[in-house]
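Step one of this worksheet: look at the structure below.
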Amino acid sequence: MKIEAAVSRPGSPAPVIEQLDQEAPGPGELRVRIVAAGICHTDLHTHGGRLSPLPIVLGHEGAGVVDGVGDGITEFAVGDHVVMSGSSCGTCANCTRNLPSYCDQAMPRNFGGRRMDGSTALSCGGESIHSHFFGQSSFASYAIVPERTAVKVDASLPLELLGPLACGVITGAGAVLESLQVRPGDSIVVFGVGGVGLSAVMAARLAGAAHIAAVDVNAERLELARELGATDTFAADDPDLAAKLRRVTGRGFAYSFNTTTVPAVFTLAMECLAMRGTAAFVTAPRGDWAPAMFPMLAGGRQLRGVLGGDAAPRLFIPMLIDYWRQGRFPFDRLLTFYPFAEIDRAFADVAAGRVIKPVLRMT
């Protein structure tokens, strides 16, 4: 069938909407009519060809309605409302422990641009277009989605809000609730309060943390962090930042959560920890960096990488939706909406830091 999709090609500053041919869903796949899709920094990085082959249709925070099903589908039917998260095999050791972000096949399934059999669902004339980015390629009017990628949600919910739950929000909230397992009375400092960091702040408030510090260069985002649950906020360029952070608790933080790529922040995220504290991070430093090993050893401190919040989307996304319905997790305050036709403006705005979480409306 013919679809509209935003294609990332070499040399283009943003994906460009084109008409493509899309195959019917194969065995174990759904066809989903996309209602809305969030834009994540991973989309920006991949658009330039760093992580996946080009040309490709990106998008990995999609939400929509099941429009067709392939052979063997047992959990979904046409008309079901779904949020789409990453792709995983379902059978490896980590998948069977509900840790799909660490699937043995995570890289080829999410960044390979093809099904595992090497085929792609998209083409333009005689040109093959890479698909199945994070099991969805949801910058499109329709997506072909493996059954495990989809999370069924209540049809009464506003689908246009829900896509970001699948990556940015689950990463931040999951890091706090699943990875670090913050408990009432704990302390945590969040470095970088964009979509992932603010989700962590909201989750820390849900968990009952006594001290929730936020650090950023953007004063408006720090004010929003206060409104969403931060007890203390700090400018990232404060020359006395390390000392001020330690004074919040008098002994350092039980946890730090770093959403930035700045090597100096990785150092600070370790230095501000209390004895036996844990520093979690969700992206690698850009530039040379190495932890100071003796303070880690002497203090029993840990440095921990986190993907997808260590969460199982089919369990965690419905939980976040319940918290949102209760008014306890207002992630919708992070969202800014754009027509699909203005994907170039949305890309430019998120790259410039003018918005926290852009969401494309497909219609």
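Reckoned from all heavy atoms, side chains included, excluding hydrogens, waters and symmetry mates.
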Can you tell if the side chain of Phe191 reaches within under 4.5 Å of the side chain of Leu245, non-hydrogen atoms only? yes
Let me see the working for Leu157 and Ile321 under side chain to side chain contact (heavy atoms under 4.5 Å, CB included), right down to the final yes or no. CA-CA 9 Å; Leu157 292 165; Ile321 290 172; 3.7 Å; yes
Identify the two heavy atoms, one from Pro53 and one from Gly112, that lie closest to each other, and give their separation to 0.1 Å. CG-O, 3.5 Å
So if you build clusters from Ile, Leu, Val, Met, Phe, Trp, Tyr with side-chain heavy-atom gaps below 4.5 Å, do Phe134 and Leu307 land together? no
Quick test of your reading of the model: are Glu75 and Arg314 salt-bridged, counting only N-O distances below 4.0 Å? yes
Does Thr149 reach the main-chain N or O of Val145 with its side chain, forming a donor-acceptor pair under 3.5 Å? no
N/O donor-acceptor pair under 3.5 Å between Thr259 side chain and Gly192 backbone: yes
From Glu178 atom CD to Phe316 atom CZ, the distance as rounded to the nearest 0.5 Å: 5.5 Å
Below 30° counts as parallel, above 60° as perpendicular, anything between as tilted: where do the rings of His47 and Phe347 land? perpendicular
Is a donor from one side chain sitting under 3.5 angstrom from an acceptor on the other, for Ser131 and Thr120? yes
Measure the shortest side-chain to side-chain distance between Arg31 and Val66 over non-hydrogen atoms and say whether it is less than 4.5 angstrom. no
Are Gln181 and Arg183 packed together at the side-chain level, in the sense that at least one heavy-atom pair is separated by less than 4.5 angstrom? yes
If you apply the rule side chain to side chain contact (heavy atoms under 4.5 Å, CB included), what do you find for Ser88 with Gln105, and how did you get there? CA-CA 7 Å; Ser88 56; Gln105 300 174 358; over 6 Å; no
Atom pair OG1 (Thr336) and CG (Leu360), whose distance is rounded to the nearest 0.5 Å: 11.5 Å
State which residue, out of Leu58, Leu54, Leu20, fulfils the side chain to side chain contact (heavy atoms under 4.5 Å, CB included) condition with Val7. Leu20
With rounding to the nearest 0.5 Å, note down the distance linking CG in Leu99 to CG in Asn94. 5.5 Å
Quick check: does any side chain N or O of Glu29 sit under 3.5 Å from a backbone N or O of Gly26, one acting as donor and the other as acceptor? yes
Would you name the heavy atoms of Cys167 and His60 that are closest together and state the gap between them? SG-NE2, 3.4 Å
Heavy-atom closest pair, residues Pro330 and Leu228: CG-CD2, 3.8 Å
Is there a donor-acceptor contact under 3.5 Å linking the side chains of His81 and Asp154? no
On a heavy-atom basis, which atom in Ile73 and which in Gly28 lie closest, and how many Å separate them? CD1-C, 3.4 Å
Looking at Pro295, is its backbone amide N or carbonyl O close enough to the side chain of Arg301 to form a donor-acceptor pair, meaning the two atoms are under 3.5 Å apart? yes
Given side chain to side chain contact (heavy atoms under 4.5 Å, CB included), test Ser85 with Glu61 step by step and report yes or no. CA-CA 7 Å; Ser85 193; Glu61 294 183 341; over 6 Å; no
Taking atom types as modelled, is there a side-chain donor on Arg304 or Gln302 under 3.5 Å from an acceptor on the other? no
Taking Met275 as the starting point, is it possible to reach Met296 by hopping between hydrophobic residues whose side chains are less than 4.5 Å apart? no
Test of ring centre spacing under 6.0 Å for Trp324 and Phe329: no
Just one of Val201, Leu198, Thr233, Asp216 clears the side chain to side chain contact (heavy atoms under 4.5 Å, CB included) bar with Val190, so which one? Val201
Within 45 degrees of the ring normal and closer than 6.0 Å to the centroid, is that where the cationic atom of Lys244 sits relative to Phe234? no
Would a hydrophobic clustering, with Ile, Leu, Val, Met, Phe, Trp and Tyr connected at side-chain separations under 4.5 Å, put Val193 with Val196? yes
Taking Arg247 first and then Asp240, would you say they form a salt bridge - that is, a charged N and a carboxylate O separated by under 4.0 Å? yes
So if I apply the side chain to side chain contact (heavy atoms under 4.5 Å, CB included) rule between Val83 and each of Val153, Ile170, Leu161, which one comes out positive? Val153
Would you call Glu271-Arg246 a salt bridge at under 4.0 Å N-O? no
Is Arg361 positioned over the aromatic face of Phe337, cation under 6.0 angstrom from the ring centre and no more than 45 degrees off axis? yes
Mind listing the closest non-hydrogen atom pair of Ala348 and Arg354 along with its distance? O-NH2, 3.4 Å
Does atom CG of Asp288 have more than 12 heavy-atom neighbours from other groups under 6.0 Å away? no
Short question: side chain of Ser101, backbone of Asp310 - any donor-acceptor pair under 3.5 Å? no
Do Val151 and Val82 come close enough that some side-chain heavy atom pair is under 4.5 Å? no
Within one Ile-Leu-Val-Met-Phe-Trp-Tyr cluster: Val32 and Val57, side-chain cutoff 4.5 Å: yes
So does Gly113 get a backbone contact from the side chain of Ser52, meaning a donor-acceptor N/O pair under 3.5 Å? no
Got a second to check how far Glu23's CD is from Met1's CE, nearest 0.5 Å? 13.0 Å
Could you tell me whether the side chain of Asn110 and the main chain of Ala106 form a donor-acceptor pair under 3.5 Å? yes
Is any side-chain heavy atom of Tyr255 closer than 4.5 Å to a side-chain heavy atom of Leu273? no
Are Phe281 and Phe266 close enough that their ring centres sit under 6.0 Å apart? yes
Salt bridge present between Arg9 and Glu127 (N-O < 4.0 angstrom): yes
Only one of His132, Gln136, Met116, Arg115 forms a side chain to side chain contact (heavy atoms under 4.5 Å, CB included) with Pro146, so which one is it? His132
Any link between Phe139 and Leu165 through a network of hydrophobic side chains (Ile, Leu, Val, Met, Phe, Trp, Tyr) touching at under 4.5 Å? no
pair Leu241-Val215: side-chain heavy atoms closer than 4.5 Å: yes
Decide yes or no for Ser123 and Ser128: does some side-chain heavy atom of the first lie under 4.5 Å from some side-chain heavy atom of the second? no
Between CD1 of Ile17 and CD1 of Ile3, what distance do you get to the nearest 0.5 Å? 11.0 Å
Got Asp21 and Leu122 here, is their nearest side-chain heavy-atom distance under 4.5 Å? no
Report the C-alpha distance between Leu224 and Glu227 in whole Å, list the side-chain angles of each, state the deciding distance to 0.1 Å, and finish with yes or no for side chain to side chain contact (heavy atoms under 4.5 Å, CB included). CA-CA 5 Å; Leu224 180 57; Glu227 296 173 13; 3.9 Å; yes
From Ile144 atom CD1 to Leu30 atom CG, the distance as rounded to the nearest 0.5 Å: 8.5 Å
Does Thr283 use its side chain to pair, donor to acceptor, with the backbone of Thr261 at less than 3.5 Å? no
Between the side chain of Asp344 and the main-chain N/O of Ala14, is any donor-acceptor distance below 3.5 Å? no
Of the non-hydrogen atoms in Phe253 and Ala213, which two are nearest, and what is the gap between them? CZ-CB, 3.7 Å
Taking Lys152 first and then Asp80, would you say they form a salt bridge - that is, a charged N and a carboxylate O separated by under 4.0 Å? yes
Backbone of Ala269 reached by a side-chain donor or acceptor of Ser256 within 3.5 Å: yes
